[in-house]
Amino acid sequence: MGKIVYAAAMSHVLAPDYYGKNVGPHGRKMVEELIDVVRDMGRTMLAARPDALVVIADDHLNVFSFDAVPAMCVRIGRFVERMVQADAIEFDRALDGLPERYPLHEDLANRILERGLEDGFDFAASWSAPLDHAFLSPVSTLCGDRPAPPLVPFWVNCFVAPLPMARRCFAAGRHIARVVADGPWDVAVIATGGLSHFPELSLARVGTSDPVFDRRIVRLLEAGDHEALCALTTKELHESGSHELLNWMVLIGAVSPARAAVRFFGEMGRIDLAAMEWSVR
Amino acid sequence: MSRYDVNVILYKLKKDAAFRTRFQVSPRAVLAGADLSDEEVEAFVRWDTRRLNELGGSLHLLVSIPHLGGH
């Protein structure tokens with residue numbers, strides 16, 4: 001019988017230069033502190049010796065175009081490539097130098113996809129989507145020089161309306177937990193992104209976050225109040241700039257009823273940064 | 001609403017360097033034939049990113065177009 005042996009969520013722009021430029025020295029210092037915490041979390045994750053690492057993250061219009069935006073998508077196949085784009089923006093340029101190709105856990109990915117169809121989850125499948133900073137910045141920070149476990153990338157549409165509901169994301173996480181429980185593998189699961197930034201996806205509001213909303217979310221996560229999290233509306237997430245909390249909702253579903261332990265929380269102004277772990281063993 | 005066309009053009013500006021160069025040289029010619037309102041065309045020509053965002057242009061595209069984006 002398989003089990004989830006490690007679960008965590010963290011902000012995914014782990015790029016000191018980006019925050020140094022756009023926020024200043026205190027932004028750089030804050031994200032450097034977060035990076036130290038995530039590196040320590042990686043030691044815990046790898047000590048659990050997972051057979052696979054499910055990474056739940058979003059696409060920043062790097063992979064999917066407006067021609068087709070899946071609500072949720074499982075990356076299948078044997079390998080996945082790092083996104084390469086000429087003149088990429090800062091936090092994707094930070095991926096330069098990382099390995100160009102990563103092994104996938106093909107059997108677990110296929111099982112999440114195929115059992116999903118049986119259980120009412122019509123996930124999209126991609127054989128070719130590459131990974132941007134939302135996936136590789138946390139994975140590379142967690143693993144450092146050590147090889148990453150075979151990945152199962154899982155995309156949630158966080159930015160192109162209409163978005164999946166928080167409750168639906170939670171249900172998708174419950175599905176992943178059932179697949180893991182019925183399989184033979186020890187699995188780590190992480191979700192990335194957040195906390196609040198880019199409220200209303202408005203260019204005029206770039207540079208602001210919603211710390212009151214984020215403090216509330218942290219309290220709910222610590223308390224394990226998953227019903228309150230499932231009840232969050234798309235409007236609330238959009239207005240506060242918490243679109244990427246949808247990634248976290250999948251993870252929360254996968255580990256429910258576990259409560260989160262806060263490893264890092266920082267209010268930067270432009271974004272609120274966080275890293276959390278769930279006790280699942 | 002031509003939100004789809006606005007974002008298709010923004011996506012091409014991000015991903016297609018040759019298209020981006022043609023746009024920078026002659027934006028009206030590049031936009032000819034696209035299903036855009038006059039207001040949308042003018043926002044592209046002026047490269048008024050806030051207005052494009054207000055008209056439905058994706059924030060994540062607007063901030064990530066090489067040599068035109070940035071935040």
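Hydrogens, waters and symmetry mates are skipped; everything else that's a heavy atom, side chains included, is used. Each chain gets a letter, A, B and so on, in the order the sequences are listed, and its residues count up from 1. These figures come from a predicted structure and were not determined experimentally.
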With a sphere of 6.0 Å drawn around CZ of A:Arg78, does it hold more than 12 non-hydrogen atoms of other residues, nucleotides or ligands?
no
Write down the atom of B:Tyr11, the atom of A:Phe64, and the distance for their closest heavy-atom approach.
CE1-O, 4.0 Å
A:Phe66 portion near chain B, given a 4.5 angstrom heavy-atom threshold:
both
Select one option (side chain, backbone, both, neither) describing which atoms of B:Lys15 are under 4.5 Å from chain A's heavy atoms.
side chain
Minimum heavy-atom distance between B:Lys14 and A:His60, given as atom pair plus value
NZ-O, 3.4 Å
Roughly how far, to the nearest 0.5 Å, is the OG atom of A:Ser65 from the CG atom of B:Leu61?
9.5 Å
To the nearest 0.5 angstrom, please state how far the CG atom of A:Leu61 sits from the CG atom of B:Asn7.
7.0 Å
Give, as side chain, backbone, both or neither, the part of B:Ser58 having an atom under 4.5 angstrom from any heavy atom of chain A.
side chain
Taking CG in A:Asp67 as the centre, count heavy atoms belonging to other residues, nucleotides or ligands within less than 6.0 Å. Is the count above 12?
yes
Note: B:Leu59 and A:Leu201 closest approach over all heavy atoms is CB-O, 3.5 Å
Using non-hydrogen atoms only, which part of B:Arg51 is less than 4.5 Å away from chain A: side chain, backbone, both, or neither?
neither
Is it true that, when you exclude B:Gln24 itself, more than 12 heavy atoms of the residues, nucleotides or ligands shown sit nearer than 6.0 Å to its CD?
yes
